[in-house]
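We name chains A, B, ... by the order of the sequence lines, and we start the count at 1 in each one. Just the heavy atoms: all of them, side chains too, but no hydrogens, waters or symmetry mates, feed the values below.
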Amino acid sequence: MLEKTYNPKDFEEDIYKSWENSGDFKPNMRKDRDAFSIVIPPPNVTGYLHMGHALNYTLQDILIRYNRMLGKNVLWQMGTDHAGIATQMVVERNLALEGLSRHDFTREEFVNKVWEWKAHSGGVITKQLRRLGCSVDWGRERFTMDEGLSRAVRKIFVAMYKEGLIYKDKRLVNWDSKFQTAVSDLEVIQKETVGKMYYYNYPIEGSDKEYVQIATTRPETMFGDTAVAIHPENEKLKHLIGKNAVLPIINKPIPIIADEHADPEKGTGAVKITPAHDFNDFEVGKRHNLPMVNILNFDGTLNENTPFDGMDTQNARVKTIDELTSLGLMVKVEDNPMVIPYGDRSGVVIEPMLTDQWFADAPKMAVKAIEEVENGDMEFIPKNYEKTYFEWMRNIQPWCISRQLWWGHQVPIWYGPDGKVFCEENEEEAQLAAGKDVKLTRDTDVLDTWFSSGLWAFSTLGWPDKSEFLDVFYPTSVLVTGFDIIFFWVARMMMMSMYAMKKVPFAKTYIHGLVRDEKGQKMSKSKGNTVDPMEIVEKYGADALRFFMAAMETQGRDINISESRIQGYRNFATKLWNAARFCEMNECGFSSNFDENKVTLPVNKWIVAKVKEAAKDVTDNLNNYRFSDSANSVYQFVWGSFCDWYIEMTKPVFYGDNEEEKAETRATAAWVLDRILVILHPFMPFVTTELWDNIAKRDGKLITAGWPKTEKVDVNALNDIDWMIELITSIRSLRAEMNLPAGAKLAAYLKGADSKSLKNMKAFETIICSLARLEKIEVFSGEVSKDMVQDVFKEATILIPLAGVVDFAAEKERLMKELAALDKNLEGYARKLENPGFVDKAPAAVVEEEKRRQAEALENKAKVVEALKRVENF
RNA sequence: GGGUGUGUAGCUCAGGGGUAGAGCACUACGUUGACAUCGUAGGGGUCACAAGUUCGAAACUUGUCAUACCCACCA
């Protein structure tokens with residue numbers, strides 16, 4: 001027996017446990033079945049579920065459950081990410097609470113502390129995934145720092161190094177002075193701010209009157225200047241080229257050089273060149289072989305190459321301006337709108353810094369990754385994201401893969417005493433390569449987190465070992481992820497997979513939007529507008545949240561969270577629950593030998609056709625990754641057709657005494673409910689399973705129940721009942737308009753009718769009276785006298801002439817209008833198709849489409865003509 | 001500077017060359033034997049603006065305005 005009220009909390013967690021315990025999430029590994037696989041975008045191991053996850057994982061679970069029900073061999077590969085910077089940051093923050101820093105420990109001790117933290121706070125997110133209903137294969141859960149994945153990382157690194165795809169280089173990189181590490185371009189965010197532009201003079205060597213005026217937003221970097229550049233064709237200033245300017249304060253002469261980088265239109269026309277601290281200047285410096293003077297310490301303070309050793313940049317800037325002013329060299333200061341780079345994690349200003357780093361040759365690796373998208377082997381959904389992908393991939397820069405952190409995969413590089421490099425998968429092999437007496441020291445850098453994530457699609461399946469899973473499930477079927485991660489992850493997986501596997505990591509990439517707050521604002525902790533998915537689950541159930549996500553997911557659009565809407569979908573689950581209770585009360589038991597194609601009652605034929613229609617819609621839309629359309633199809637069918645009409649129409653049958661009709665209707669209702677549970681299961685796995693298990697005992701489990709095949713819909717079965725629904729709606733409408741008192745006895749009569757309406761009316765009399773709440777309905781054909789009518793309806797207080805209910809005159813007018821419109825269309829199609837210019841020059845597909853439309857219009861016209869005939873009889 | 005979206009009911013958004021849609025909110029009525037987490041009926045829109053294509057445009061094209069985001073640069 002079902003509980004009287006739907007309460008998801010009563011069963012959701014238990015159902016999940018039963019799935020997990022009975023191995024329902026494991027692939028069936030049947031060789032005769034197609035494989036379907038998804039690798040989960042790994043959440044941070046110590047993270048918490050946010051709304052973006054809830055959307056991302058819900059969509060994947062829908063696809064996984066759908067394909068599992070199709071009978072495929074399905075794998076949803078689970079795993080978590082070590083999230084280098086993010087995790088190290090959290091652990092360092094905790095240490096800071098005790099007044100400690102990571103430098104109070106050895107590297108090994110610190111890394112152990114991180115593992116402890118993982119053991120302590122990891123696993124929260126995996127619990128949350130369970131709560132959401134994600135049917136991942138837990139037995140295969142991986143972690144980017146586990147032994148197997150670490151081995152994969154080392155193997156790839158060594159191979160790439162030996163092929164020259166990984167190299168060490170002294171270059172300017174984005175330096176995060178908080179974490180004291182290099183970061184990649186993608187980890188730098190540009191923020192608009194109003195800063196200051198400082199104009200001041202550098203004296204010319206050997207002259208007390210001549211100056212070169214320069215403009216800068218960062219005067220404190222002047223101590224790293226090694227030249228002043230002037231455009232060779234700058235008429236005003238080119239006479240200075242070849243002379244030396246003197247850096248004030250430190251009185252250091254630097255050459256004035258000719259370089260086209262110095263735009264005569266911008267600033268003062270003369271540019272101070274600081275090769276060690278500016279990306280453009282770095283290039284200029286290389287062109288002119290300028291010395292590169294580093295003026296910063298790793299912690300972002302100025303170093304001994306400046307007069308302000310140990311001072312931070314802000315104070316150094318003030319000091320520099322003070323000194324320039326007292327030397328009489330300051331010209332002016334202006335407000336200047338500018339963009340300043342910040343570290344996305346640390347929030348501190350990022351400084352370009354000249355350091356030795358490891359780089360991957362992304363431009364070279366991108367070639368194949370681009371090709372595979374061009375030739376369609378990897379397809380973006382929606383398609384327009386491939387433009388974003390191409391744009392970035394075609395302009396890709398070498399990828400700085402080294403980080404000066406402690407938490408992460410240490411690069412497999414060892415140095416001999418002479419600095420000779422040995423790149424091997426482990427220390428023994430490095431030692432072997434170096435010779436056993438050579439003392440080796442290991443490079444202290446670790447790899448960018450995204451380096452290991454880049455291997456995710458194959459490393460989780462067992463690479464580099466031989467593995468059945470790799471054979472069966474690679475390439476994976478689809479990657480589901482947010483657009484913000486295309487560069488970080490999708491692009492890197494494409495590059496790494498093409499390198500290691502020579503095959504794309506996934507055949508498709510489905511890109512979804514961001515989850516925003518109610519007003520469309522980005523959710524962020526600092527704004528305080530985040531909504532915790534677990535609170536929503538607690539309040540409305542996981543099914544409601546999942547259905548919300550699916551129903552709101554339209555390709556390429558962000559989702560605004562809306563609690564009232566989630567509540568609406570909870571109500572939907574309640575509605576289904578109660579419909580199931582209705583079935584239960586009326587003893588609608590599932591019977592395995594029921595044949596839905598043999599039902600006889602029009603109502604039952606109708607609902608069977610409706611189910612097929614809905615199932616087809618859901619299937620087609622899921623196949624095309626149209627989540628909202630597919631969710632809305634089920635929703636409308638369940639509420640609008642099954643609950644609002646079918647159940648109501650069965651009541652006269654159930655409360656009547658025709659046992660034969662009752663039996664058929666019971667079986668049909670049970671079958672329909674069964675189908676509903678199946679097609680709704682990917683979206684609302686919990687409530688559907690709870691109902692499936694409780695209402696009728698079957699052999700199979702819902703989670704692996706077969707998905708309905710797409711069948712042809714019996715259109716005739718739809719028409720009769722649709723006719724009746726229209727009639728009932730009209731009567732109800734009229735009743736409301738007439739503002740009748742409650743309990744007024746009503747009767748309706750239909751004056752004159754064609755044989756079909758007559759037959760229908762007879763057949764549906766009980767249903768119509770029940771649903772339109774009529775006392776009686778009668779049909780007269782031919783001439784009707786007032787007496788005849790009043791005699792039949794003597795008990796009724798009010799008579800409704802049905803000819804007035806269905807306004808045949810208006811209906812006729814409407815049909816005539818439609819006919820005229822159709823004729824006009826047909827005229828248009830005919831003209832086009834008879835035009836040789838169109839037929840010969842337009843693409844064949846367009847002509848076909850036009851023909852198809854013409855045929856469709858013809859079909860419609862026939863229908864309209866038919867309808868007109870019917871109406872004209874009245 | 002380059003690019004990508006979006007503009008439809010009070011709100012949040014689907015749709016898409018042929019009668020303008022959903023959920024929520026709103027109004028009136030209703031506790032009838034699944035359900036008030038409900039039912040029935042209703043009100044509410046120049047589909048941002050302009051021009052073009054078309055028999056027909058809210059949909060296609062171009063432009064304008066508004067808005068969001070991405071990339072690059074800024075001495």
Nearest to the A:Arg626 side chain among B:C73, B:A34, B:G15, which nucleotide is it?
B:G15
Could you tell me whether A:Tyr569 and A:Phe547 have their ring centroids closer than 6.0 angstrom?
yes
Which nucleotides of nucleotides 20-25 of chain B have their base under 4.0 Å from a protein heavy atom (B), which only their sugar-phosphate (S), and which neither (-), written as one string 5' to 3'?
--BBS-
Is there a side-chain polar atom (N or O) of A:Lys575 under 4.0 Å from OP1 or OP2 of B:G39?
yes
Just to verify, what does A:Lys383 make a salt bridge (charged side-chain N to carboxylate O under 4.0 Å, His left out) with, not counting sequence neighbours?
A:Glu386
Interface polar pairs with nucleotides 68-71 of chain B, N/O, under 3.5 angstrom:
none

A:Phe686 meets the ring pair (Phe, Tyr, Trp, His ring centres under 6.0 Å) criterion, sequence neighbours left out, with A:Trp19
Strictly below 4.0 Å: does A:Tyr655 bring a side-chain N or O up to OP1 or OP2 of B:A34?
yes
Starting from the C-alpha separation in whole Å, work towards a yes-or-no answer on salt bridge (Lys or Arg N to Asp or Glu O under 4.0 Å) for A:Arg581 and A:Glu584.
CA-CA 5 Å; A:Arg581 284 183 58 229; A:Glu584 190 182 49; 5.6 Å; no
Name the pairing partner of B:A58, where a pair is Watson-Crick or G-U wobble with both distances under 3.5 Å, or state none.
none
What distance, rounded to whole Å, do you find between the two P atoms, one in B:G52 and one in B:G42?
39 Å
With a 6.0 Å cut-off on ring centres, are A:Phe627 and A:Tyr510 close enough?
yes
Of B:G39, B:G15, B:A34, the nucleotide closest to the side chain of A:Asp644 is B:G39
Tell me: CG of A:Asn586 to C1' of B:C35, nearest whole Å?
14 Å
In sequence, state the C-alpha distance, the side-chain angles, and the governing distance for A:Glu563 and A:Arg565, and then conclude on salt bridge (Lys or Arg N to Asp or Glu O under 4.0 Å).
CA-CA 5 Å; A:Glu563 198 166 327; A:Arg565 201 143 183 159; over 6 Å; no
Separation of the C1' atoms in B:G39 and B:U31, to the nearest angstrom
10 Å
Ring centroids only, cut at 6.0 angstrom: are A:Tyr211 and A:Tyr202 within range, meaning strictly under it?
no
Expressed as a whole number of Å, how far does the P atom of B:A57 sit from that of B:U64?
23 Å
In whole angstrom, give the distance that lies between atom CE of A:Met338 and atom C1' of B:A72.
16 Å
B:U40 and B:C55, which share atom name C1', separated by this distance in whole Å
41 Å
Side chain of A:Arg732, base of B:U40: donor and acceptor closer than 3.5 Å?
no
Using the 3.5 Å cut-off, write out each protein N or O paired with an N or O of nucleotides 5-7 of chain B and the distance between them.
residue: B:U6; atom: O3'; partner: A:Arg557; partner atom: NH1; Å: 3.2

Send over the distance from A:Gln555 CD to B:U4 C1', rounded to a whole Å.
16 Å
Is A:Glu351 salt-bridged to A:Arg218, cutoff N-O under 4.0 Å?
yes
Is there a stack between A:Trp577 and B:A34, judged by ring centres under 5.5 Å and planes under 30°?
no
Watson-Crick or G-U wobble mate for B:U40, both contacts under 3.5 Å
B:A28
If the plane angle is over 60° it's perpendicular, under 30° parallel, otherwise tilted; pick one for A:Tyr6 and A:Phe11.
tilted
Residues within residues 538-554 of chain A bordering RNA chain B, heavy-atom distance below 4.0 Å
A:Thr554
Please report the distance separating the C1' of B:U8 from the corresponding atom of B:G45, rounded so that it comes out in whole Å.
8 Å
